[in-house]
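Structure first, commentary second.
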Number of protein chains: 2
Amino acid sequence: MSERPTSPNRRMNDPQGLRQRLVDAAYVAFSTRGYHSSALHDLKRDADVTGGALAHHFPTKKALGLAVIQDRVAEAVELTWITPVKLAATTADGIQAVFAAIISELERKGGVSGCPLNNLALELSREDEDFQAAIEAIFTRWRTAIADKLRADLRAAPVRDFDFEALATLVVATYSGAMAMAKASQSVAPLKICAEQLTSIIQNKTALGH
Amino acid sequence: MSERPTSPNRRMNDPQGLRQRLVDAAYVAFSTRGYHSSALHDLKRDADVTGGALAHHFPTKKALGLAVIQDRVAEAVELTWITPVKLAATTADGIQAVFAAIISELERKGGVSGCPLNNLALELSREDEDFQAAIEAIFTRWRTAIADKLRADLRAAPVRDFDFEALATLVVATYSGAMAMAKASQSVAPLKICAEQLTSIIQNKTALGH
DNA sequence: CTGCAAACAGGATGACCGTCCTGTTTCGTA
DNA sequence: TACGAAACAGGACGGTCATCCTGTTTGCAG
């Protein structure tokens, strides 16, 4: 019931704000219900935007989807994963903290709707190569950030034959798969288990000794 | 151009065969293009089935989707994962063989369309609780089979504090996530990396020592 | 042979959805 | 103030899709 402050009858052009409301609503919808299951009609209602405004900013649904991926999904990965890991004392600490934060957030609300990046990756990667490229770029940035952190961990006490990229790939893959299992079971149990396994593995591998 | 042997003009009722053609076509379509992106019109064409026949066997699209999950997806997991792992000498051997088989199969054809179970899990788990239950059951069976094999591995030389279910969860999650990354990058590289990491981890954990 | 339910044919239907089109308003610029 | 481009309003349109409906055929029971 919250009317936007377009009080009397006067219109105010606000292209940036309107675009942001639109992308925000689309991000929520695409992340939870999926891209194809989200109708533009609902997005227009949620963002309080008319068809003409939508068409003006995003000529096609694909353009909106691309904006969601590049603006919001990339930002979400940056905020929930990359930055916390980078700021943590060690990679293992960072990963444990990220998992814990995500788990408690999921427990706060009722259900598990899954990782936005993973959801859109499986739905759109094969459908359109622009989507695929945008999604792959985020995965690459994510994996690279973890690999860099692992490299930093071992700056002081190097371990020979350590493949940073491979271990980072394992982390990203395990998280993605754990979230998929969590979504399928509507339970955070797979996330808790994989968090413990992963941190144990990383601590072992980054410890002294070959 | 391959006409089915309905040679002159005579019809032959074949409820089981028709149902099988339908579920087969739906399995392929749902696994590659996804559930919502697959139109019943295309399935009818692929399976050479009319609308009346389809409605007779599956009153709704959901019923067809449920049959695909319970009949074909469950069977696929059984054939490509559970049986090979069960027949292998060790869990690590089995997992390595399964990954290798899947990778070479993906390299044979051109693209990566992803794990059917994972694809449908992310698309349908939150949409309908019947779908969710059917998918969760397959994940549970999959994970349990791997845990059982791990238990069998350590029958002779037990390792204390070994959590079979947790390690099995890690395996399933890592595979699912690796396949998601493979789909996003349209490359088998994540699968190769995770296969190596996983077998290394399992061999370490199942080896002698605390 | 006969009746009857299951199996199938083929199209109608109504809802939905993305896109586009025409008109109106805002706002920077000159 | 005049003007033009951008921003926005609101609905029409065409296509698609899942479902349903009416009729016909098959095949088994009796």
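No experiment lies behind these values; they were computed from the predicted model shown. In what follows, chains carry the letters A, B, and so on, assigned in the order in which the sequence lines appear, proteins first and then strands, with residues in each chain numbered from 1.
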To the nearest Å, give me how far apart NZ (A/K44) and P (C/dC16) are.
14 Å
Got a sec, which residues hit side chain to side chain donor-acceptor pair (under 3.5 Å) with B/Q197, two or more places apart in sequence or on another chain?
none
To the nearest angstrom, the CG-P distance between B/L43 and D/dA18 comes to 8 Å
For B/F131, what residues pass the ring pair (Phe, Tyr, Trp, His ring centres under 6.0 Å) criterion, not counting sequence neighbours?
B/Y35
Going by number, which of residues 52-64 of chain A have a non-hydrogen atom under 4.0 Å from DNA chain D?
A/G52, A/A53, A/H56, A/H57
Expressed as a whole number of angstroms, how long is the span from A/R45:CZ to C/dC17:P?
11 Å
What's the CG-P distance between A/L18 and C/dT25, to the nearest Å?
18 Å
Considering only NZ, NE, NH1 and NH2 on the basic side and carboxylate oxygens on the acidic side, decide whether B/E107 and B/K192 come within less than 4.0 Å.
yes
Expected output is a numbered-order residue list: members of residues 22-34 of chain A with a heavy atom under 4.0 Å from any atom of DNA chain C. What is it?
none
For A/H36 and D/dA18, give me the distance from atom NE2 to atom C1', rounded to whole Å.
17 Å
What does A/S37 touch in the nucleic acid at a heavy-atom separation under 4.0 angstrom: a base, only the sugar-phosphate, or nothing?
nothing
Contacts satisfying ring-ring contact (aromatic ring centres under 6.0 Å, His included) that involve residues 179-199 of chain B (not counting sequence neighbours) are none
Atom NE2 of A/H41 and atom C1' of C/dC20: how far apart are they, to the nearest Å?
17 Å
Salt-bridge present (A/D42, A/R45; N to O < 4.0 Å)
yes
Separation of atom CG in B/L40 from atom C1' in C/dT13, rounded to whole Å:
16 Å
With sequence neighbours excluded, residues passing side chain to side chain donor-acceptor pair (under 3.5 Å) with A/S113
none
Return the set of residues passing side chain to side chain contact (heavy atoms under 4.5 Å, CB included) with B/L87 (not counting sequence neighbours), or none when no residue passes.
B/T83
With sequence neighbours left out, what residues match A/E129 under side chain to side chain donor-acceptor pair (under 3.5 Å)?
none
According to the ring-ring contact (aromatic ring centres under 6.0 Å, His included) rule, which pairs have a member within residues 56-80 of chain B, sequence neighbours left out?
none
Using the side-chain heavy atoms of A/A39, tell me which of these nucleotides is nearest: D/dC8, C/dC17, D/dA18.
C/dC17
